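Numbering of ligands and ligand atoms starts at 1, following listing order. All figures in this text were calculated on a predicted structure; none of them were measured in a lab.
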Amino acid sequence: MIKHLWFIGFVVFFLSRCSQPTEDGTSQGGVVAKADSLLALMTLEEKIGQMYQCLGRGHARVGDGEKARDLIELVKAGGVGSILVPGDVHDVEEMQRFAVEESRLGIPLFFNYDVIHGFKTIFPMPLAMSCSWDTALVKRAHRIAAIEASAAGISYNHGPMADVSRDPRWGRVMEGNGEDPFLSSLFTEASVDGFQGDGISHANTIMACVKHFIGYGAVEGGRDYNTVDIGEETLRNIHLPPFQHAIKAGVSSVMTSFNVVGSVPTVAHAPLLRDVLRSELGFEGIVISDFGSVGELIKHGYARDAAQATSQALDGTVDIEMQSRNYHENIKRLVEDGLLDESVIDEAVRRIVIKKYELGLFANPYRFATEKYIDSITLSVPHREIAKETAMKSMVLLKNDGVLPISSKVKRIAILGPFSNSQDILGRWSAKGDTSEAITLLAGMKKQFPEAEINWLNVGDFWENSPLPERKIKDLTRDADLILLAMGEPKEMSAEAASRATLGIPGNQQRIAELALESGNPTVLVLFNGRPLTIPWYQENMNAILEVWFPGTEGGNAIAEVLAGHYNPSGKLTMTFPRDVGQVPLYYNHYSTGRPAASSQYSSKYIDIPNGPLYPFGFGLSYSGFEFSDLIISRDSMKLNEQMEVSVRVTNIGEVFGEEVVQLYLRDYVGEVVRPVKELKGFRKIGLEAGASEKVTFSVTPDMLKYWSPVSRDYIVEPGQFAVMIGANSAEYLEKDFELTN
Ligand code: BGC
């Protein structure tokens, strides 16, 4: 026995010391061989352990005391492969020590966390960041998040979220990149690049896990976890592209979703997971279930019991079960009873262990817990600077009658509303972000306008239409040169399990605005929120509206700089803002219908409101003005093996430097199935001095006209008539037709 242990010890030592992972140049083949050698030493129980992710010991659901001890014993027994939401860096180090020094094979643990928009330094929520239309900026934000998270011991991120959504009722739209598959693909790719840097074996990187595969953004009624019922063409043309891009970028892991697709829960959807994800897209990394979703197969009515749920998820190649213990409790018996081939388990464990090698965890299990750096790097001045820049670039100016930027004549500013001096502006999924580090609007304004008299009132109730201190509001606003209404949704109203059936600014906040308007003084809505809201009343009554979302740690400074005009807003919406919740889902890349609105009385329209949005996809104003002219296409017709150039002239007709996002849309007039009225296929963000103009040129290639057709059951490009549109948003553009020929 002693001899035997000595031998195992030697092999493990040999594996970990002599054959380092890709970090030192070991080939992928070498990593696989090492994983196989390790696999050969593992008992079935140890393999099952690698497939179990449990919550950290400090987590409420595990609790302290007995359960924490249970967890330690489980780790020592090799019964856990990853820990979700670990404690601080000491906790990570200690748990890793139990795994590496006290378990039989010393296999290191992954430490998982949801690093969605920063770790300690919090950036604007992802939907906001996508409004920057600046992928390099988003990559930089996630690079910083990875630097801070990896220093605290995190090795495996549960992000980015790549779910495309057309329904603002769904609270999780705040975690994604909006309604467009093309834009969302670019941001997903940039996010993976940011988290994984030059490769996961490099210092300061964390594994990225793209989620949630798939269709989760299409939950019926926008109600979280609800049924998804979409055709394969929508699945492939709208929901799949960001996942394809994440895989192209080398994402390490994919998380399944909570919903069904085609009446089958995705965590057990073998055709989607095996055939599409693994075979067609070639994904070789780890597939992880979402929190408890293997067990939920029973509630879905797809599995009779936990054993069947286990088999179904394994059949879908789900390698790690998050939080619930179905794998733990059933795999061994299924194998012993001959109902499950151990080779299925081996495949899953091989994928898990390969990533641990690639991360360099065998070479240095503590590489992620670098306590000595934490204080110097987290929330550092440069990180905060980039958080501020990201926040400024994420803001969208929705209306401005000229009251912004704030003129030097403004001496008295009144700030009212629940966000006036609130530090609760990080938004949900803000990892280890600390609200006490956040800069409030009031603090930002005081810093930016030291000469002005700034009065403020924290009034407003998000949840109830309760009475307001009306006299105080009137007193505060009566003599103000400018009123800022810091209003919107509290963070609890967006993200997971926070769907809304109504989309207005909630509670008694509109009354605050009404009282402010009674003063007759210029009034600006500074809107904090996690999703598109229905704000036609504000559009009509405010002098200006600045969409600031949940802007993160540097929020107040960023808003104040934009209001002061030190940064000229350049953000553009990546989700349509409806006029009314009854229009939802409302999105720019819709089909035409056989009876387009206004074609006759019997057309596809509402009788009570216009069809169109309040603010279309791609919309956002600037303190400058931009004129688009001279749309030129290099040819009227191109062959399948050719490409053409399309150019437009953009002129800054305003008085200050500004940035414009020049957007390229294409339309396929007739297809073997109907095609959207337009689809975003390119964009360029340019900066122009006042009076300057620039010719912006795009190449249009047949590849950009490709789509998945349910008739051909393939990706096709069809010869025919097309339109090219270039403009400032999806509703304002110049347009020309061209032909694609064989
Ligand atoms: C969410 C995932 C998340 C996981 C762990 C789940 O409820 O759907 O997105 O990664 O929790 O926090």
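Among all protein heavy atoms, the one lying closest to atom 3 (C) of ligand 1 is Asp114 OD1, 3.2 Å. For atom 8 (O) of ligand 1, the nearest non-hydrogen atom of the protein is Asp290 OD2, 2.5 Å.
Numbered from 1 in the order shown, with element, the atoms of ligand 1 that lie under 4.0 Å from a heavy atom of Phe258 read 7 (O), 8 (O). Residue contact check: Met322 has heavy atoms under 4.0 Å from atoms 4 (C), 5 (C) of ligand 1. Near Lys211, meaning under 4.0 Å from any of its heavy atoms, are these atoms of ligand 1: 2 (C), 3 (C), 9 (O), 10 (O). Near Phe291, with a cut-off below 4.0 Å to any heavy atom, the atoms of ligand 1 are 6 (C), 7 (O), 11 (O).
The two residues Gln423 and Thr435 come nearest to each other via the heavy atoms CB-O, 3.2 Å. Contact between His328 and Leu74 at its shortest, heavy atoms only, is CE1-CD1, 4.0 Å. In terms of heavy-atom proximity, Thr256 sits nearest to Ser289 at OG1-CA, 3.4 Å. The nearest pair of heavy atoms linking Asn112 to Ser82 is OD1-CB, 3.4 Å.
The residue from His212, His158, Met161 that puts a heavy atom closest to atom 9 (O) of ligand 1 is His212.
Under a 4.0 Å heavy-atom criterion, Glu175 is not in contact with ligand 1.
Taking the six-membered ring for Trp and the full ring otherwise, Tyr113 and Phe119 have centroids separated by under 6.0 Å.
Of the heavy atoms in Arg172, only side-chain atoms (C-beta onward) come closer than 4.0 Å to ligand 1.
Stacking of Lys356 on the aromatic ring of Phe110 is recorded, both the 6.0 Å distance cut-off and the 45° axial limit being met.
No more than 12 heavy atoms of other residues, nucleotides or ligands sit less than 6.0 Å from atom NZ of Lys332.
For the pair Tyr216 and ligand 1, the shortest N or O to N or O distance does not fall below 3.5 Å.
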